[in-house]
Undergrad: 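Got a structure here, written out as structure tokens. Questions coming.
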Amino acid sequence: VTDQIDLLEPLIPSLRRYARGLLRDPGEADDLVQDCLERALSHWGKRRTDGDARRWVFTILHNLAMTELKRRGRGLRHVEIDPDDPRLSIPAPQEQRMDYLAVMRGLDALPDEQRAVLLLVSIEDLSYADAAKVLNIPIGTVMSRLARAREKLLTGMSGAPPVSGRTAQLRRVK
Amino acid sequence: MISRPITEDDLNAFIDARLDASRQAEVEAYLALHGEVNARVRAAISHREGLRALLVPIADEPIPARLNIHHLVEARAHRRRAQWPQALAASLALVVLGGAGGWTLRTWSLPPRYGVASLGQEAAESYVVYTPDRSHPVELRAVATPELVAWMSRRLGRRLEVPNLAASGYRFMGGRLVATPHGPAALFMYDNDRGARIVMLTRPMMAGKEAPMQSLNRAAVSGFSWAAGGMGYSLVGPSDRQNELHPIADDIRRQISHQI
């Protein structure tokens, strides 16, 4: 039991972050993390002891998230960004904030599997090899999904509103 | 000089700052010569930084109590302790009965296939699938009750009515058609002011057209099932509400007997 606690506890903050990046809604994301932790505890004996606990738990969470997203149908239902989005919790300087909203909108518009790769690599700092294990795909596929995700963010961003439309845009995004 | 051609993988790793120093320098040299690729890579780096600025701090938020691993471990140990006497009694019973009734016992462990026991199983399964659903717990909502009742009556070949559970504090939310091994069944869902949900499942009975009320107990679900006038009925809800469910089931049975 102590090694369950010692290995799982430090992972919880990043599990919450990954779940929120995928599902957006903080409550639903925490539901998923709770489910994930309970599964990790009940399947602890089946864990490969030579494997990395972080990779194993992220795999459980990722599979739960994909099931949930599939159940919902087409990924996220709303891609509009709420300026009061709890994820935008840091007090960003006003002129940067709009750019953040645009990046966030771009992230939410990505197909689920591309968003997952981008989050695992860019936010959770998983190695490409670990991301491949979590997603159960070859590293080559990780790299091409990553490239496509970045390309899509770029093209999405270039269609961003001009500077003069900023205030109006901010009101409309809600 | 560039030793190997620059690949997209190199650009990805450059964006993620994961190249070793010499390859990093080679990519820098390449980017200095290719303005368009350079612009893409710089944009991707700024997107990465933007996402990190927004998402990385989520990990600094305090962990809510329900995700506290100490609580979760403790709750599991508690559940195991609570189940232990039951498991012990069950295994003792198996030891005692094992010699005499191995074959009979085999069927005990299979889900029931006929009668109200099967209906109860179907109701429990539907309860587990549909009541946690936040967006679409029912197919047709209570506002469309006449349409719902007409549709289900047509599909089940019996005139159905929605029991009124207002006296017990439960409101009708709506219903859906559910597949069972015995054909379509109508599911009605109710909730109360505290958000607790219960469901009633009903379908025509092939076997056991009249059956007294029997209780159903699963790990997370409990309820009551019976058959009357060729129709089976099963009311199920959370296992901690069994006492509350019994009078509601009686009430439903009373209401239905008035219809017949």
Side-chain angles (χ1 to χ4, degrees), chain A residues 1-2 4-6 8-9 11-18 20-21 26 28-31 33-34 37-38 40-42 71-72 77 85-90 92 96 99-104 106-107 118-119 121-125 127-128 139-140 142-144 146-147 150-151 153-154 157-158, chain B residues 6-19 36-80 83 129-130 132-137 219-220:
Chain A
V1 169
T2 40
Q4 291 178 346
I5 292 177
D6 289 348
L8 289 176
E9 191 167 30
L11 298 175
I12 296 172
S14 56
L15 292 169
R16 294 183 76 207
R17 183 169 58 195
Y18 181 54
R20 208 181 299 181
E28 289 179 12
D30 280 351
D31 285 348
V33 174
Q34 187 177 354
L37 291 172
E38 273 164 3
L41 289 173
S42 61
R71 193 186 62 73
R72 287 183 186 176
R77 281 159 297 190
D85 189 328
R87 285 184 313 184
L88 310 177
S89 54
I90 50 157
Q96 264 183 47
D99 296 340
Y100 285 163
L101 290 177
V103 183
M104 241 20 218
L107 178 75
L118 198 64
L119 291 170
V121 170
S122 298
I123 307 298
E124 303 309 328
D125 289 326
S127 70
Y128 299 138
I139 294 189
V142 168
M143 302 312 284
S144 62
L146 200 52
R150 286 178 165 151
E151 196 58 36
L153 276 185
L154 192 66
M157 230 55 75
S158 59
Chain B
I6 299 296
T7 63
E8 282 285 345
D9 288 8
D10 287 321
L11 298 182
N12 267 321
F14 181 82
I15 293 164
D16 292 318
R18 290 181 189 187
L19 291 176
E36 198 259 338
V37 181
N38 187 41
R40 265 171 52 211
V41 166
R42 301 296 159 190
I45 290 174
S46 85
H47 295 156
R48 182 177 187 276
E49 281 164 2
L51 285 177
R52 286 186 71 90
L54 284 170
L55 295 176
V56 167
I58 290 174
D60 295 333
E61 294 174 15
I63 305 297
R66 65 182 174 125
L67 300 184
N68 183 320
I69 195 73
H70 299 272
H71 297 338
L72 290 170
V73 167
E74 203 274 330
R76 272 176 57 77
H78 181 81
R79 278 199 300 274
R80 266 206 303 270
Q83 282 163 6
V129 171
Y130 295 117
D133 199 312
R134 260 168 284 218
S135 50
H136 303 290

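Chain letters run A, B, ... following the sequence lines, proteins first, then strands; residues in each count from 1.
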Undergrad: Just give me the residue among Arg150(A), Gln34(A), Met143(A) that pairs up with chain B most often, heavy atom to heavy atom, under 4.5 Å.
TA: Arg150(A)

Undergrad: Would you mind checking which part of Asp133(B) comes under 4.5 Å of any heavy atom in chain A, side chain (CB onward), backbone (N, CA, C, O), both or neither?
TA: side chain

Undergrad: Do Leu55(B) and Met104(A) come within less than 4.5 Å of each other through their side chains, counting heavy atoms only?
TA: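 The answer is yes; the side chains approach within 4.5 Å.
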
Undergrad: Which bit of Asp6(A) is near chain B, if near means a heavy-atom gap under 4.5 Å: side chain, backbone, both or neither?
TA: neither

Undergrad: Are Pro64(B) and Arg16(A) close enough that some pair of their side-chain heavy atoms sits under 4.5 Å apart?
TA: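 Of all side-chain heavy-atom pairs linking Arg16(A) with Pro64(B), at least one is under 4.5 Å.
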
Undergrad: Using heavy-atom distances under 4.5 Å, tell me whether Glu124(A) contacts chain B through its side chain, its backbone, both, or neither.
TA: neither

Undergrad: With the side chain counted from C-beta on, respond yes when Asp16(B) and Tyr128(A) share a heavy-atom pair under 4.5 Å apart, and no when they do not.
TA: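 SC-SC contact between Asp16(B) and Tyr128(A) confirmed.
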
Undergrad: Within the 4.5 Å heavy-atom criterion, are Ile63(B) and Glu9(A) side-chain neighbours or not?
TA: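 Sidechains of Glu9(A) and Ile63(B): no contact.
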
Undergrad: Please look at Leu119(A) and chain B and tell me whether the side chain, the backbone, both or neither of the residue comes under 4.5 angstrom of a heavy atom of that chain.
TA: side chain

Undergrad: Heavy-atom cut-off 4.5 Å, strictly under: side chain, backbone, both or neither for Ser42(A) against chain B?
TA: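 For Ser42(A), heavy atoms of backbone and side chain both lie under 4.5 Å from chain B.
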
Undergrad: Let me confirm one number: the OG-NE2 distance from Ser122(A) to His47(B), rounded to the nearest 0.5 Å.
TA: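 So the OG of Ser122(A) and the NE2 of His47(B) are separated by 11.5 Å.
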
Undergrad: Measure distances from Arg40(B) to the heavy atoms of chain A and classify the residue's part below 4.5 Å as side chain, backbone, both or neither.
TA: both

Undergrad: Does NE2 in His70(B) sit with more than 12 non-hydrogen atoms of other residues, nucleotides or ligands closer than 6.0 Å?
TA: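 Atom NE2 in His70(B) is packed in, count exceeds 12.
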
Undergrad: Is Ala13(B) in contact with chain A via its backbone, its side chain, both, or neither, using a 4.5 Å heavy-atom distance?
TA: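 Both parts, heavy atoms under 4.5 Å.
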
Undergrad: Please name the pair of heavy atoms, one in Ala43(B) and one in Leu154(A), separated by the smallest distance, quoted to 0.1 Å.
TA: CB-CD1, 3.2 Å

Undergrad: Search all heavy atoms of Pro13(A) against all heavy atoms of Ala59(B) and return the closest pair with its distance.
TA: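 Result for this residue pair: CB-O, 3.3 Å.
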
Undergrad: Nearest 0.5 Å, what's the CD-CG distance between Glu61(B) and Asp30(A)?
TA: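 Rounded to the nearest 0.5 Å, the CD-CG separation comes to 8.5 Å.
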
Undergrad: Quick one: does Leu146(A)'s side chain get under 4.5 Å of Glu8(B)'s, heavy atoms only?
TA: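 No, side chains not in contact.
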
Undergrad: Specify which of Val121(A), Val33(A), Leu15(A) makes the most heavy-atom pairs with chain B at under 4.5 Å.
TA: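 When all of Val121(A), Val33(A), Leu15(A) are compared, Val121(A) has the most.
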
Undergrad: Answer whether the closest heavy-atom distance between the side chains of Leu153(A) and Arg48(B) falls below 4.5 Å.
TA: no

Undergrad: Would you compute the distance between atom CD of Glu74(B) and atom CD1 of Ile5(A) and round it to the nearest 0.5 angstrom?
TA: 10.5 Å

Undergrad: Between atom CG of Leu37(A) and atom CZ of Arg66(B), what is the distance when rounded to the nearest 0.5 Å?
TA: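 Rounded to the nearest 0.5 Å, the CG-CZ separation comes to 10.5 Å.
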
Undergrad: Please tell me if the side chains of Leu8(A) and Leu72(B) come closer than 4.5 Å, counting only heavy atoms from C-beta onward.
TA: no

Undergrad: Let me know if Leu118(A) has heavy atoms under 4.5 Å from chain B in its side chain, its backbone, both or neither.
TA: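 Answer is side chain: those atoms of Leu118(A) sit under 4.5 Å from chain B.
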
Undergrad: Is the shortest distance from a Lys or Arg side-chain nitrogen in Glu38(A) or Arg76(B) to a carboxylate oxygen in the other one below 4.0 Å?
TA: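 Judged by the 4.0 Å cut-off on N to carboxylate O distance, Glu38(A) and Arg76(B) do not form a salt bridge.
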
Undergrad: I want to check something: taking the side chain as every heavy atom from C-beta on, are Gln4(A) and Ile69(B) in contact at a cut-off of under 4.5 Å?
TA: no

